[in-house]
Amino acid sequence: MIYRGRFAPSPTGRLHFGSLVAAVASWLCARHAGGRWLVRMEDIDPPREVPGSARDILAALPAFGLVADEPLLFQSRRVDAYEAAFRRLRDEGHVFPCWCSRADLAAAGGMHRDGHCVAAPAPSRPPAWRLRVPDKDIVFDDGLQGSQRQNLRESAGDFVVKRVEGFPAYQLACVVDDAWQDVTDVVRGNDLLDSTPRQIWLQRCLDLPTPRYLHLPLAVDAAGRKLSKSEGAHPVDPHDPVPALRRALRFLDVSDDFAADHPEALLARALERFDPHRLPQCSVRSAA
Ligand code: GLU
């Protein structure tokens, strides 16, 4: 099967260094494998969306030499597919409605583990819907972080797949689209490592294939804080792409010691030397 990788930003701010690292690494891995690289805009969370940021991110990527091989996918246009997946989960008894407030949840130990809501049903307002998780370990081999094991019942609990506002949760939309786009390899930041067992469990409930996963070190600032685009930290400048691209390559331990004044030339030279087995194996790394 031909390698199919993707970069899946959320429109919560401008492209920042951490997302540039994920975009560059997923691009390098796809190109190195002779595969295809896709871009998916994860714009299904209107309350968190920063107006204009989807457009900014999509304009920045080609300025960094990163051009998708297929038309962009906007999750906001795929709500019917998420609803169909949700209905299947509901019809097969995998989900339950939950009216819990934060206080109810805190009183229940911060998590649901028993496959039912602890609050009284409130027919006047819509519930969130949670997926029942098993009391068993989900095991997978991460391409960089090695063998992973997580007991979903202990660590995540029954998690939300459809939110009170009616939007599909990230976990559900991501799994539906990774399958729909035939993604074989997910390369993304380590902040999503602990989402992966939940996604694998969803794939099993929906009879979807599980891609390979590779989680990159999380880029942190000098104080050890995650570079978060929602905090507006460290946007990268698409008008002067080469310095940020060089920093991203160095962050990934890819040599950048050659002259190149265009992002395309820099990426092409980096690709010649790129070996996914030499990516840094740590879980966090300073972006400084
Ligand atoms: N949209 C997610 C984010 O920007 C990433 C999703 C993924 O790569 O699975 O954090």
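We're numbering straight along the sequence, starting at 1. First listed ligand is number 1; within each ligand, the first listed atom is number 1.
- Residue Ala8 places at least one N or O, backbone or side chain, under 3.5 Å from an N or O of ligand 1.
- For Tyr170, the closest heavy-atom approach to ligand 1 falls below 4.0 Å.
- Every residue two or more places apart in sequence or in another chain that forms a side chain to side chain contact (heavy atoms under 4.5 Å, CB included) with Val67 is listed here: Pro62.
- For the pair Arg77 and Phe74, the cation-pi criterion (under 6.0 Å, within 45° of the ring axis) is fulfilled.
- Near Cys174, with a cut-off below 4.0 Å to any heavy atom, the atoms of ligand 1 are 9 (O).
- Selection from Gln199, Arg188, Glu42 by nearest heavy atom to atom 6 (C) of ligand 1 gives Glu42.
- Residue contacts with ligand 1 for Thr12 are absent, since no atom lies close enough (heavy atoms, distance under 4.0 Å).
- Residue Arg250 qualifies as enclosed at atom CZ: its count of foreign heavy atoms under 6.0 Å is above 12.
- Scored by the side chain to side chain contact (heavy atoms under 4.5 Å, CB included) test, Pro217 finds Leu144, Phe251, Pro280, Cys282, Arg285 as partners (sequence neighbours excluded).
- Taking every heavy atom of Arg6 and a limit of under 4.0 angstrom, the matching atoms of ligand 1 come to 7 (C), 8 (O), 9 (O).
- Taking a cutoff of 4.0 Å between a charged side-chain nitrogen and a carboxylate oxygen, Lys226 and Asp191 qualify as a salt bridge.
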